[in-house]
Amino acid sequence: MLEQLKENWEKILDNVKEDQDLSDVSFNTWLVPLKPVSVEGNVVTILCPVNSIGLEYIDKKYKIFIQVAIEEVIGFKCELHLVIPEEKAKKAPKKKVVDADIIKANLNPRYTFDTFVVGSNNKMAHAASLAVAESPAEIYNPLFIYGGVGLGKTHLMHSIAHFILKNNPDAKVLYVTCETFTNELIDAIRNKNNITTTEFREKYRNIDVLLIDDIQFIMNKESTQEEIFHTFNALYEAKKQIILSSDRPPKDIETLEERLRSRFEWGLTVDIGSPDYETRMAILRKKEDMEGYNIDDAVIRYIATNIKSNIRELEGALTKIVASARLTNSEITLEMAEEALKDHISPTQGREITPQLIIDVVADHFNISPEDISSANRSRSIAYPRQIAMYLCCDMVGKDYSLQMIAKYLGKNDHTTVIHGRNKIAKELSTDENLQYTVNILKNKLNPG
Ligand SMILES: Nc1ncnc2c1ncn2[C@@H]1O[C@H](COP(=O)(O)OP(=O)(O)OP(=O)(O)O)[C@@H](O)[C@H]1O
């Protein structure tokens, strides 16, 4: 493996340069001098002819990208161990993060970047989280993640914490929910469990990375707001990282003191939206992989098509199907899945395909609203999905719907526009493989199984 690495080393570094859009000076200073010197298991030792500060910098800024490039170029998934020349002979020097650190920080061991599926709904939140994990307190402080219920905010927060701990097992990392913070504060004020407010403050202000989940619960809680304000100031001034999550952006947290609201907005605010169909499929596949299930495509599609807005429910549906199959000692089939989930979703098999259903499914697929499809908007990002909806309506809806009626659903007065749209897509379908793929996915979503 070492030989292969050496042979491809230039290419690997070029890959990092290109991906990260590095200037020549950064590239020549930080990357060109690096050399792979040994491979043990999946640990690659890289010699970095720099001082310890340079080493720390390369570790934070480039290590992950070099790992990715190695995987891309030679398909080797590895961990990098960076050493400066005098350390070259030393073995496995770095302290490893242990379970106790993870428990102390209140982290779920399963919520890591490795198990997080990146989709169009969370791309930005994921990138910001990774950046914070790589350079805590350096770029986005605080990082404020918001989004609806069960969409992955906690998972991302824990991923950042794991990443930081892995890079620096001595870092003091603490994850709490706003509720825990509030309860502990009340206990301290009442001196319950012999905890004093001084001890409470020491706990929260003597930390490198503080993560507070569901910060919206701060609403209408004056003493919690006061305490968070001072905790925030103490940590921020000491250049410590703060990460917050909420079901809404800071501006929509009612009764939040202005001085706190503005602090929450000092760093970067990112949102997580509902996952699209492909992301839902990928999350189910990942879960299937992690749990070692082997489930038919049609069943996975059935869940992904019908459970849309909450990833916790999506995972719950999969777990329920597997549990039902085990309990009844039966095979997982589509019928069985429909039966197991009948209280969660109504069966879609054999459902009537209406123009409205097609509009909903196409809009969801392209991440636009059903109203966009029926609007007069002629921009390509809307007009193209609209034409695909026209094609699918002509191809799939029952005889009860005339072309004139379909035109009305699609916001058109004249059915010839529908025919024109349909013909255009039909023509492109004969040569455009991407379009064929999209239309197939849409047909599957409309008619799973
Ligand atoms: N992108 C993703 N990839 C893989 N799993 C995900 C993803 N997003 C969410 N999940 C999973 O969905 C479940 C719910 O996620 P999580 O608890 O992070 O949501 P949340 O936004 O914090 O919810 P709440 O608003 O209820 O606090 C978890 O099991 C999590 O692992």
Side-chain angles (χ1 to χ4, degrees), residues 102 105-133 142-164 173-183 209-219 242-250 252-254 264 268-293 295 300 303-304 306-323 341 344 364 367:
I102 292 172
N106 281 336
L107 302 181
N108 182 332
R110 294 165 63 100
Y111 290 177
T112 63
F113 282 123
D114 288 342
T115 57
F116 189 84
V117 173
V118 183
S120 53
N121 62 317
N122 57 29
K123 215 168 165 178
M124 174 74 184
H126 173 266
S129 299
L130 188 59
V132 166
L143 175 66
F144 193 102
I145 306 172
Y146 73 91
V149 175
L151 292 181
K153 302 181 292 293
T154 307
H155 191 141
L156 261 187
M157 293 177 99
H158 285 216
S159 307
I160 302 172
H162 279 296
F163 192 102
I164 293 175
V173 174
L174 183 64
Y175 163 89
V176 280
T177 61
C178 188
E179 208 184 342
T180 306
F181 184 92
T182 307
N183 291 341
V209 183
L210 177 64
L211 308 103
I212 308 183
D213 209 347
D214 292 326
I215 194 80
Q216 74 275 7
F217 287 118
I218 203 177
M219 279 191 286
I242 304 151
I243 300 160
L244 305 166
S245 92
S246 162
D247 65 354
R248 64 200 81 177
D252 294 342
I253 304 181
E254 294 135 37
F264 288 176
L268 180 69
T269 301
V270 283
D271 73 311
I272 303 189
S274 296
D276 59 15
Y277 176 75
E278 282 72 28
T279 312
R280 297 198 293 275
M281 286 291 287
I283 289 172
L284 289 168
R285 287 272 174 245
K286 181 110 197 167
K287 172 110 177 146
E288 191 194 0
D289 245 31
M290 281 166 51
E291 304 292 339
Y293 306 150
I295 299 176
I300 299 283
I303 306 173
N306 288 286
I307 298 185
K308 294 181 176 170
S309 53
N310 181 329
I311 297 170
R312 192 175 294 116
E313 278 180 20
L314 196 70
E315 292 186 338
L318 191 64
T319 311
K320 182 155 189 201
I321 291 172
V322 173
L341 299 181
H344 301 260
D364 177 60
N367 239 336

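For the single chain, residues carry numbers from 1 onward in sequence order. Values reported hereafter were calculated over all heavy atoms of this structure, with side chains retained and with hydrogens, waters and symmetry mates removed. In listed order, ligands and their atoms are each counted from 1. Since the structure is predicted, the reported quantities are computational estimates derived from the model, not experimental observations.
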Quiz item: Between His126 and Ser159, does any side-chain donor sit less than 3.5 Å from a side-chain acceptor?
Solution: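 No, no side-chain donor-acceptor contact under 3.5 Å.
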
Quiz prompt | Polar side chain donor-acceptor pair, Asp213 to Ser245, under 3.5 angstrom | solution = yes

Quiz item: Who pairs with Tyr175 by ring pair (Phe, Tyr, Trp, His ring centres under 6.0 Å), at least two apart in sequence or on another chain?
Solution: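 If we apply the ring pair (Phe, Tyr, Trp, His ring centres under 6.0 Å) test to Tyr175, skipping adjacent residues, the hits are His158.
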
Exercise. Just grab all the salt bridge (Lys or Arg N to Asp or Glu O under 4.0 Å) pairs involving residues 111-133, residues at least two apart or on different chains.
Key: none

Quiz item: Is the closest side-chain heavy-atom distance between Pro275 and Leu151 below 4.5 Å?
Solution: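 Pro275 reaches Leu151 side chain to side chain.
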
Quiz item: Protein residues near ligand 1, heavy-atom distance below 4.0 Å?
Solution: Tyr111, Thr115, Phe116, Val117, Asn122, Gly148, Val149, Gly150, Leu151, Gly152, Lys153, Thr154, His155, Asp214, Ile283, Ile311, Arg312, Glu315

Self-check item: Contacts of type side chain to side chain contact (heavy atoms under 4.5 Å, CB included), residue Glu291, not counting sequence neighbours
Solution: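 By the side chain to side chain contact (heavy atoms under 4.5 Å, CB included) rule, Glu291 matches Arg110, Lys287, Tyr293.
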
